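These numbers come from a predicted model, not from an experiment. Proteins come first, then strands; the chains are lettered A, B, ... in the order of their sequence lines, and each starts at number 1.
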2 protein chains.
Amino acid sequence: MGTIERKQRLKEEVRCRILDASWQIVQEEGWHALSMRKIADAIEYTAPIIYGYFENKDAILREFTQRGYQILSKTVKEARDQHTDPAEQMEAMWLAYWDFGYEHQAYYQLMYGVSVDCCQQEKMIPEAEETLNLLNETLGKLMAQSKHREQEDHCRRFYTFWSVVHGLISLNIVRKSSSLSLETNRSILFEAIHAIIADIKG
Amino acid sequence: MGTIERKQRLKEEVRCRILDASWQIVQEEGWHALSMRKIADAIEYTAPIIYGYFENKDAILREFTQRGYQILSKTVKEARDQHTDPAEQMEAMWLAYWDFGYEHQAYYQLMYGVSVDCCQQEKMIPEAEETLNLLNETLGKLMAQSKHREQEDHCRRFYTFWSVVHGLISLNIVRKSSSLSLETNRSILFEAIHAIIADIKG
DNA sequence: AATTTTGCTTAACGGTGTTAAAAAAACCTA
DNA sequence: TAGGTTTTTTTAACACCGTTAAGCAAAATT
């Protein structure tokens with residue numbers, strides 16, 4: 001009866017195949033294209049058997065979410081451990097954080113709810129570009145007051161503004177349960193915006 | 001027959017009712033719960049008639065996306081027009097931008113692909129909190145070197161870091177077509193992180 | 001009044017996640 | 001090896017989804 005171990009091994013292998021197949025589908029077609037039947041097809045089974053390995057589809061997504069956080073955690077920790085000075089550590093850690101998001105976009109989408117299948121028609125909607133133009137225009141005037149002339153510089157400043165504001169909004173929406181107070185949000189905004197403006201003014 | 005105008009009016013009214021019903025469903029249950037059949041139920045019709053008013057479900061979402069951008073554009077413009085100094089304008093505009101995201105979360109989700117139905121189990125995944133703890137810990141050491149003592153301050157600094165990094169990643173993912181170069185991303189990151197660290201050091 | 005046009009519904013197709021029953025395969029025992 | 005038990009896998013079904021085509025009934029036109 002040693003076969004029980006062999007069965008355990010086979011069961012574990014099928015579990016891996018489910019995750020491997022899922023990951024491949026996601027990489028090729030995105031999260032929206034991941035379905036139980038498609039996974040089953042890929043591992044040459046029928047859909048219901050997956051429920052012997054995962055409670056439901058959400059459990060599969062949860063597995064990947066967990067993997068994402070594990071990789072992120074490991075990455076950030078390693079970045080920290082290559083420095084001793086807290087300031088250098090801080091820099092390395094956030095850079096590592098960004099690198100993770102840049103390299104593992106599929107993970108990041110899942111972990112932080114960044115759905116990609118939206119507003120591709122941004123250029124179809126005039127008001128979308130109009131808003132960006134308004135902000136860009138004013139930024140141009142502001143930078144003209146100083147001696148910034150390069151387009152590159154303009155682009156960077158703009159995205160710095162945009163990133164902090166968009167990031168703050170997004171984090172508030174996604175982390176609805178443990179989100180910040182209105183006052184905290186506003187003071188972060190004020191400080192960040194003023195800092196950027198001050199930096200532009202030189 | 002002047003009835004043609006009356007019919008036009010009725011058709012327009014049904015279109016409005018579709019959008020009103022859709023919006024109510026979204027407010028009550030979120031975007032994921034919006035379905036053609038549910039909309040039809042709400043306006044006391046059957047699903048296929050909706051296709052007489054909108055090409056498909058995506059067209060309905062596009063309508064709301066457009067509305068969102070219209071409101072945002074109007075808001076930002078109004079904020080600008082209450083000031084004359086570019087620096088003041090810039091501040092007012094980004095604050096208005098944030099206010100929009102805070103007040104109209106449903107719109108913002110649609111416009112920038114912030115799906116809320118994710119990672120609510122963040123606390124279920126130890127590694128998720130571990131990453132935040134690592135970053136918080138190092139930030140604590142960094143701030144201890146200066147004379148920052150308040151918890152409030154700590155929280156603000158942390159979210160400033162997080163917002164700009166998360167925002168930068170998200171914008172890159174969502175605006176995949178017109179995203180920034182790796183060099184631009186890194187220089188934004190470097191500048192922002194160094195600025196925050198410098199500010200902490202005083 | 002008969003006919004055309006319009007508005008709406010029913011039915012259907014292919015897809016989704018998920019569950020229960022049926023079938024097939026594997027296993028164990030006699 | 002034969003028969004019965006257990007495990008594995010599939011088929012069928014349910015309730016949804018977006019979407020399209022056909023059918024029907026009411027309204028408008030001739």
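- Per the geometry, CD1 belonging to A/I43 stands 14 Å off C1' belonging to D/dT10, to the nearest Å.
- To the nearest 0.5 Å, the span separating CG on B/L61 from CG on B/L110 amounts to 5.5 Å.
- Between the base of D/dG18 and the side chain of B/R37 there is a donor-acceptor pair shorter than 3.5 Å.
- Summary of the strand contacts: B/A33 and A/T46 both lie near DNA chain D, and taking for each the nucleotide with the nearest heavy atom, the more 5' one is attributed to A/T46.
- Within 4.0 Å (heavy atoms only), A/L34 reaches sugar-phosphate atoms of the nucleic acid but no base atom.
- Nearer the 5' end of DNA chain C, as judged by each residue's closest nucleotide, is the contact made by B/K11, out of B/P48 and B/K11.
- Heavy atoms of other residues, nucleotides or ligands lying less than 6.0 angstrom from CD of B/Q24 number 12 at most.
- Atom CD of A/E55 is separated from atom C1' of C/dT19 by 13 Å (rounded to the nearest Å).
- The number of heavy atoms from other shown groups lying within 6.0 Å of CD (B/Q145) is above 12.
- Taking atom CD of residue B/Q8 and atom P of nucleotide C/dT6, one finds them 13 Å apart after rounding to whole Å.
- Among the nucleotides D/dC17, C/dG17, D/dT11, the one closest to the side chain of B/K38 is D/dC17.
- The phosphate of D/dC17 (OP1 or OP2) has a side-chain N or O of B/S35 nearer than 4.0 angstrom.
- Remark: P of D/dA28 and CG of B/L10 are 11 Å apart, rounded to the nearest angstrom.
- Note on ring orientation: taking the six-membered ring where Trp is involved, the planes of B/W23 and B/W31 are perpendicular (angle over 60°, cut-offs 30° and 60°).
- Among D/dT10, C/dT9, D/dT19, the nucleotide with an atom closest to any side-chain atom of B/N56 is D/dT19.
- Summarising the local packing, CD of B/E44 is surrounded by 12 or fewer heavy atoms from other residues, nucleotides or ligands at distances under 6.0 Å.
- Contact annotation for A/I50: no contact, since no heavy-atom pair falls under 4.0 Å across all strands.
- Taken residue by residue, residues 14-29 of chain A places no heavy atom nearer than 4.0 Å to DNA chain C.
- One atom, CD of B/E44, and another, P of C/dG7, lie 19 Å apart when rounded to the nearest Å.
- If you check D/dT9, C/dT9, D/dT11 against the side chain of B/Y45, the one that comes closest is C/dT9.
- What separates NZ of A/K57 from P of C/dT19 is a distance of 15 Å, to the nearest Å.
- Not less than 6.0 angstrom separates the ring centroid of B/H104 from the ring centroid of B/F64.
- Each of D/dG18, C/dT9, C/dG17 was ranked by its minimum atom distance to the side chain of A/Y51; first place goes to C/dG17.
- In this structure, A/F54 places its CZ atom 13 Å from P of C/dT18, rounding to the nearest Å.
- You'll find that the side chain of A/I49 is closest to D/dT10, out of D/dT10, C/dT9, C/dT18.
- The six-membered or imidazole ring of A/Y159 lies away from that of A/H154, with a centre-to-centre distance of 6.0 Å or more.
- Taking atom CD1 of residue B/I39 and atom C1' of nucleotide D/dG18, one finds them 11 Å apart after rounding to whole Å.
- Put simply, the side chain of A/R157 reaches to within 4.5 Å of the side chain of A/D199, judged on heavy atoms.
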